[in-house]
Amino acid sequence: MISTFICPEEIINSNIMQKVVYEVTKENAFLIAKMLLKEARQEEVLQEEQYLTIEELGKLIGYKKTSIYGLVQKNKIPYHKKGKLFFLKSEILEWLKAGKKISSREIEKKANEYLLNQIL
């Protein structure tokens, strides 16, 4: 099955508007989607491997510079120091995930699972 859509492109040639028709087959659509997904994943990896300044980190996590300096002084946040402070975005995201607290609902669910396993 071939889907057809029209993409208007303005071509400056005697003020004539021309329309270009593109034909997309299922195979082409699948390849295009696959390429876009691959590109998005590569961009995500590049963004996570990005070094942040203390100002950029503050915007990312919503902390003031003084709070971040306090965390650095107590070695409670991952950082790199080469003359000035830098923070690797992937390390910060992992640090944030590691700080997740278990909710009451999750504790109750785990307790119920444990009790059920003890009975069986």
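Among all heavy-atom pairs drawn from Leu57 and Leu52, the shortest one is N-CB, 4.2 Å. When all heavy atoms are compared, the tightest approach of Asn75 to Tyr79 is OD1-OH, 3.2 Å. When all heavy atoms are compared, the tightest approach of Ile54 to Phe87 is CA-CE1, 3.9 Å. The two atoms that bring His80 and Tyr51 nearest to each other are CD2-CE2, 3.8 Å, heavy atoms only.
Note that CG of Leu88 is 10.5 Å distant from CD of Glu94, once rounded to the nearest 0.5 Å. Expressed to the nearest 0.5 Å, how far CG of Leu85 lies from CD1 of Ile77 amounts to 9.5 Å. Atom CG of Leu60 is separated from atom NZ of Lys89 by 6.0 Å, given to the nearest 0.5 angstrom. The CG atom of Leu71 lies 10.0 Å from the OG1 atom of Thr66; values are rounded to the nearest 0.5 Å. Expressed to the nearest 0.5 Å, how far CD1 of Ile92 lies from CD of Gln50 amounts to 12.0 Å. Atom-to-atom distance recorded for Leu115:CG and Gln118:CD is 7.5 Å, nearest 0.5 angstrom.
Between Lys109 and Glu113 the shortest side-chain heavy-atom distance falls below 4.5 Å. Between Tyr69 and Gln73 the shortest side-chain heavy-atom distance does not fall below 4.5 Å. Put simply, the side chain of Lys81 does not reach to within 4.5 Å of the side chain of Val72, judged on heavy atoms.
Taking a 6.0 Å sphere around CD of Glu55, one finds it holds more than 12 heavy atoms contributed by other residues, nucleotides or ligands.
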